[in-house]
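Reviewing the structure listed below.
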Amino acid sequence: MPRQIDQNGSDILRKQLEAIGLKVRTNAYTTSILGDGVATGIGFEDGASIPADMIVISAGIRPRDEIAASAGLETGSRGGIVVNDKMQTSHANIYAIGECALYQHTIYGLVAPGYEMADIAIDNILGGDRVFGGFDMSTKLKLIGVDVASFGDPFPPADSCRVIVFEDQVAGVYKRINMTDDGQYLLGGILIGDASAYNMLLQKTKNKMKITGKPEDELLGARSTGEAAAGVLGLPPDAMICSCESVTKAAICQAVEEGHETFNAVKKCTGASTSCGGCAPMVKDLITYTLKSQGKYVRNVLCEHFGYSRQELFDLIKIRSLHSYDEVLDTIGHGDGCEVCKPAVSSILASLWGI
Ligand SMILES: Cc1cc2nc3c(=O)[nH]c(=O)nc-3n(C[C@H](O)[C@H](O)[C@H](O)COP(=O)(O)OP(=O)(O)OC[C@H]3O[C@@H](n4cnc5c(N)ncnc54)[C@H](O)[C@@H]3O)c2cc1C
């Protein structure tokens, strides 16, 4: 994943994957599929081979541009229907968006740029003049259970930035943030093993928000609810809280003000947190602080699955000597858990027991 993570992050990720029984081979050039009529293994350039019952080939995006190509539209040499910044193809009355569209030699393999392209295309079809200016490729995913995220510019040139790195080889966590040379603004970063700070860091990077506290708090401070919440409040109204469903901070606050006062109600009303769920902690913080700003009493519980604050939960996990998320949920929580309590409990377990 050289576009997303650096060598140290890669080493941590490899260890995490090996710990669950996977064998990872890199720089292994596959040259043949072995077997006669049925696959029995694969062979590599260096002469080595491994046996296999099933072979899965994951080879990036292949845009389905056959119809466009046969209709005479311009396509890229490696596929994709060429579009300009209005999403027009080489025929001005035909538009292309999403994974089949090739914009400035790039196929965007994510949902959010596709939505943005759709907006641009519709605007132009209706006579508007909005243009597409490329899209931030920040991404967060779970790689076989391991959090992997990269945002902004994960590798700015070393001479134009300052870097803070946190590495915990026991817990399998690697975090890196890149800041401007004066240490005042975030440029981007990488999170492996714990990506709970992703949304906040992404928004601070995209909105060019000045770092007000200690720079290292940007990396570790998200473990404190208070700081995370204060950070959410500092975001501008048009900050994209849920990038999967394109829901802004303003839309979430408005939903709360209109009476959608629980996490589930806001989810249902706005669509926020209904896809990957990564923004759930920020949505919850926004609900809490919008209610507080309306003078409403808010009991500071972690989420609907735990009737305790983070500090109370910390104490209970310690006193009862609970050692896994499932054990915590079964013993002092209820329901199936969610994207708010899972990372919070995991971070408590990590700080208490190093797991
Ligand atoms: C396993 C996987 C996981 C992913 N996870 C994420 C993620 O976590 N976050 C994220 O942002 N993105 C993710 N993506 C990428 C995301 O799914 C795509 O970027 C997005 O779906 C592209 O949208 P689209 O509308 O351009 O194309 P698609 O969603 O592929 O839709 C194209 C449609 O056109 C149909 N079609 C094709 N040819 C024809 C034809 N000739 N006639 C009629 N219909 C046709 C296809 O059947 C399909 O339904 C993931 C992709 C995969 C495969």
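Given the structure is predicted, the values throughout are model-derived calculations rather than measurements. Just the heavy atoms: all of them, side chains too, but no hydrogens, waters or symmetry mates, feed the values below. Each ligand, and each atom within it, is numbered from 1 in the order the structure gives.
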Arg130/Glu116 ion pair, N-O < 4.0 Å: yes
So does Lys140 pair up with Asp147, basic N to acidic O under 4.0 Å? no
Quick one, Arg64 and Cys100 - any side-chain contact, counting heavy atoms below 4.5 Å? no
Check whether Arg176 reaches the backbone of Phe166 with its side chain - one donor and one acceptor, N or O, closer than 3.5 Å. no
Just by distance, do the side chain of Asn207 and the backbone of Leu235 share a donor-acceptor pair under 3.5 Å? no
Enumerate the pairs of nitrogen or oxygen atoms, one from ligand 1 and one from the protein, separated by less than 3.5 angstrom; state names and distance to 0.1 Å.
residue: ligand 1; atom: 11 (O); partner: Val111; partner atom: N; Å: 2.8
residue: ligand 1; atom: 19 (O); partner: Glu99; partner atom: OE2; Å: 2.5
residue: ligand 1; atom: 19 (O); partner: Leu110; partner atom: N; Å: 3.4
residue: ligand 1; atom: 26 (O); partner: Glu99; partner atom: N; Å: 2.8

Leu13 vs Val146 side-chain heavy atoms within contact, under 4.5 Å: yes
